[in-house]
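Here is the structure we will look at.
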Amino acid sequence: MTMNANVAGLTARNCEFVSRTLSYIASNRFDRPTLVVDAEAVAAKYHALARGLGRARIHYAVKANPAPGILQRLVAEGANFDAASRAEIDMCLAAGAQPEQISFGNTIKRPTDIAYAHRLGITHFAADAAEELDKLAEHAPGASVYLRMLVDNTEADWPLSRKFGSSAEMVLKLMDQARDAGLVVAGLSFHVGSQTRAPQMWAGTLDQVAAVWHQARAAGHDLQLLNIGGGFPASYGAEMLPAEDYARAVMALVTERFGEVPQIMAEPGRGLVAEAGAIAAEVLLVSRKDADDLHRWAYLDIGMFSGLAETMGEAIRYRITTERDHEPTGPCILAGPSCDSADVLYERIPYQLPLGLKAGDRVVIHSCGAYTSTYASVGFNGFPPLDVVVI
Ligand SMILES: *Cc1c(COP(=O)(O)O)cnc(C)c1O
């Protein structure tokens, strides 16, 4: 495959890392779909985000990609971690993180996991409900809690609205409850929505959160911590603002609304790891349903249940390259290999793929470092979970 086709739209700095991943893929054979992630690229992205975020601390959202090689590298670079479960906490510890570097950011926690985290010395927990505060008061007495706000985030490509957070009025009540239960009311958190493509898209969400922040302070809560969550985007082919500039622009919007907050934390997941990875996959079948079908169907050895869950609703459109990209192309519906008819990746907007594409061809799926390996089922139809190699 030619480099020029593969790096279109990426910055010069990214090219260097993209080429490391792609040359690894080009020089290896894989007997199943394999995600190759470049730890150097993750480290570079970490530092770019850190420069842009200034004094905000980075807590990597572990769920995006918990490969030991990535966690170890981030520990070495000085990152902190946002874990959602006991298992994620253990992965961070195994990679060398200290309990002080880990926050427990899931608002839906198992009581025994809370007690485990508390025993380890983890001090910061998220909550968005009265019952969760009861659990924290019982199993992590005296812990610091940040309350997650429900925000409208319709501008993100992968919104996280509705399921998480509580309303402004509810958050203020929960702060009183937490204080009365002996917890430390540290501050507020929110998530602007994953893959929020432009910094200006944060403004409306930040306005909503700032209003509650100021009300809470007026009501006597001495808030110290603002957790701005994730949402930092990755490039899936389109030209994006470099990570450092994006993060700096978000911080300017934060400062405008919140002034000098004592502690700020950010929880990038996708923005840190997505571009650092690519998947080597294979075409299993190319067919037409009828002789005069305008579209071909291309079935890959990876699908919705083996790593490409974010193709759901065609929300994330990965860039896909083949070894025939110099050949003429035509529209293709892309589907996974499993026996579930929901396992169609892209149909509404078909992909232009080489007319000569055939079974056995390698395809490379780009910017796949986030939300792929963790979304792979354990063996639907016997297809193994996505293999991960960190280079
Ligand atoms: C998933 C998640 C993140 C990471 O979001 P990205 O959009 O991948 O950066 C951060 N914080 C919380 C609480 C999350 O659930």
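Given the structure is predicted, the values throughout are model-derived calculations rather than measurements. Every number for a ligand or one of its atoms is a count from 1 in the order of the listing. Counting from 1, the numbers follow the sequence of the chain as shown.
- Of the options Glu267, His191, Lys63, Arg148, the smallest heavy-atom separation from atom 5 (O) of ligand 1 is shown by His191.
- Side chains of Asp134 and Gln177: a donor on one and an acceptor on the other come within 3.5 Å.
- Regarding atom 8 (O) of ligand 1, its nearest protein heavy-atom neighbour is Tyr371 OH, 2.6 Å.
- Ser235 contributes atom OG, which lies 11.5 Å from atom CG of Leu241 (distance to the nearest 0.5 angstrom).
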I would like to know whether Arg270 and Ser194 meet side chain to side chain donor-acceptor pair (under 3.5 Å); could you show each step before the answer? CA-CA 8 Å; Arg270 185 190 305 279; Ser194 205; 3.1 Å; yes

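- Residue contact check for ligand 1: Pro268 places a non-hydrogen atom closer than 4.0 Å to it.
- Counting heavy atoms under 4.0 Å from ligand 1, residue Ala61 touches it through the side chain alone.
- Remark: distances from the non-hydrogen atoms of His59 to ligand 1 are all 4.0 Å or more.
- With a 6.0 Å radius and a threshold of 12 heavy atoms from other residues, nucleotides or ligands, Met91 has its CE atom above the threshold.
- Against a heavy-atom cut-off of under 4.0 Å, Arg270 is close to the following atoms of ligand 1: 6 (P), 8 (O), 9 (O).
- Taking the six-membered ring where the residue is Trp, Phe125 and Phe104 present tilted rings, their angle falling between 30° and 60°.
- At under 3.5 Å, a nitrogen or oxygen of Gly269, whether backbone or side chain, sits near a nitrogen or oxygen of ligand 1.
- In this structure, Phe164 falls outside the shell of residues with a heavy atom less than 4.0 angstrom from ligand 1.
- Residues Thr329 and Leu357 are not in side-chain contact: their nearest non-hydrogen atoms beyond the backbone lie 4.5 Å or more apart.
- Minimum interatomic distance between Gly269 and Tyr371 (heavy atoms only, all atoms of both residues): CA-OH, 4.4 Å.
- From the protein, the heavy atom lying nearest to atom 7 (O) of ligand 1 is Ser194 OG, 2.4 Å.
- Contact analysis puts Gly231 in contact with ligand 1, with a non-hydrogen atom separation below 4.0 angstrom.
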